[in-house]
Amino acid sequence: MKIATWNVNSVRARSPRVISFLERTKVDVLGMQEIKCKPEQFPYADFEAIGYKVIAHGLNQWNGVAFAYRAELEPQDLELSFSAQPSFKDVVEARAIGATFNGVRIWSLYVPHGRGLDDPHMEYKLEFLDRLASDTAEQLEENPDLELCLMGDFNIAPLDSDVYDLSLFETHISEPERQAFEAFEQIGLTDTVRDLVPNQYTYWDYKDLCFPKNNGMRIDFCLTSEALTERVVGASIERDERKGEGPSDHVPVVLELSD
DNA sequence: ATGGTAGTCGAACTA
């Protein structure tokens with residue numbers, strides 16, 4: 001089984017590229033972030049034409065998360081938010097979608113950006129991560145054998161080597177953000193991709209020729225529970241997806257699991 | 001010297 005995460009930065013603008021990625025890699029489940037549309041605006045037909053089904057969760061032109069999965073799979077226990085997911089300006093935004101595929105519990109997550117160290121959005125970001133970790137810890141306590149993957153755009157660079165120039169950033173690298181990320185490791189999750197694919201960014205800003213200069217960041221992750229980590233047999237960061245016409249500013253992160 | 005990217009929506013906001 002192959003699973004992947006990708007911040008597509010508008011699925012309507014990116015549909016041809018997402019489709020060719022699915023055809024090329026044949027991933028079973030793709031968790032998307034920043035679909036930037038409501039479910040009724042999602043380009044379902046493109047996905048159905050190549051044998052995939054879609055579950056989309058979007059409230060407006062911002063944020064939005066979704067799953068595309070091979071049509072023969074039957075997702076179970078769908079959730080459009082995690083337990084006690086915080087709201088921003090009284091709205092629980094479309095930043096999380098969870099479902100179980102072939103017994104593997106998968107969450108596609110778009111963690112709030114933060115905007116600035118003293119911005120209310122940063123408090124929102126930290127609370128989002130804190131509650132996500134608490135909810136996940138609770139599930140793992142109930143069922144230590146749970147095969148779980150939290151995948152998505154975490155908007156955090158956990159290590160200094162995850163940023164091309166530390167001096168240019170305040171958010172994404174701050175101590176509170178990094179502690180919030182480490183909390184997931186403390187409850188037993190592992191960033192499995194890091195060992196298999198070291199020294200590879202997942203995001204390059206559109207501005208200032210960042211991609212040609214390899215001025216990027218590693219902020220997209222697949223965090224696996226102990227039971228699922230045992231099944232990881234391969235991983236890739238699809239750097240080539242940043243090339244060519246009309247790329248997203250993020251590339252897919254792929255995890256291969258044994259059967 | 002300025003604006004320098006991309007998306008949504010149709011001015012300004014988000015990243």
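The sequence lines fix the lettering, A, B, ..., with proteins before strands; numbering per chain opens at 1.
- The backbone N or O of A:V65 sits nowhere less than 3.5 Å from a side-chain atom of A:Q33 that would complete a donor-acceptor pair.
- Rounded to whole Å, the distance from CG on A:N9 to P on B:dG7 is 6 Å.
- For A:K36 and A:Y203, each mapped to the nucleotide of DNA chain B holding its nearest heavy atom, the one lying further toward the 5' end belongs to A:K36.
- Classification of A:R14 and A:E241 as a salt-bridged pair fails, no side-chain N sitting under 4.0 Å from a carboxylate O.
- With B:dG7, B:dT8, B:dA15 as the candidates, the nucleotide lying closest to the side chain of A:Q61 is B:dT8.
- A salt bridge links A:R231 to A:E147: one of the charged nitrogens lies within less than 4.0 Å of a carboxylate oxygen.
- Rounded to whole angstrom, the span from the CZ atom of A:R12 across to the C1' atom of B:dA6 amounts to 14 Å.
- Of the charged side-chain nitrogens involved, at least one lies within less than 4.0 Å of a carboxylate oxygen, so that A:E127 and A:R131 count as a salt-bridged pair.
- The NE2 atom of A:H113 sits 17 Å away from the P atom of B:dG7 (whole-angstrom rounding).
- The distance from atom NE2 of A:H250 to atom P of B:dA6 is 14 Å, rounded to the nearest whole Å.
- Between the CG atom of A:N63 and the NE2 atom of A:H57 there is a distance of 9.5 Å, given to the nearest 0.5 Å.
- Note on A:R115: a side-chain N or O is less than 4.0 Å away from OP1 or OP2 of B:dA15.
- Comparing the P positions of B:dA6 and B:dT2 gives an interatomic distance of 23 Å, to the nearest angstrom.
- Distance CH2 (A:W62) to P (B:dT14): 7 Å, rounded to an integer number of Å.
- Remark: P of B:dA15 and CD of A:E93 are 8 Å apart, rounded to the nearest angstrom.
- Rounded to whole Å, atom P of B:dA12 lies 19 Å from atom CG of A:N60.
- For A:H121 and B:dC13, the NE2 to P distance is 15 Å, given to the nearest whole Å.
- Sorted by residue number, the members of residues 205-212 of chain A with any non-hydrogen atom under 4.0 Å from DNA chain B read A:Y206, A:K207.
- Phosphate contact (OP1/OP2 of B:dA6, side-chain N/O of A:R14, threshold under 4.0 Å): absent.
- Taking the ring centre of A:Y52 as origin, the terminal cationic atom of A:R70 falls inside the region bounded by 6.0 Å and 45° from the ring axis.
- Relative ring orientation between A:H250 and A:Y203 is described as tilted, the plane-to-plane angle lying within the 30° to 60° band.
- Where A:Y110 and A:P247 each meet DNA chain B at their nearest nucleotide, the meeting point lying more 5' is that of A:P247.
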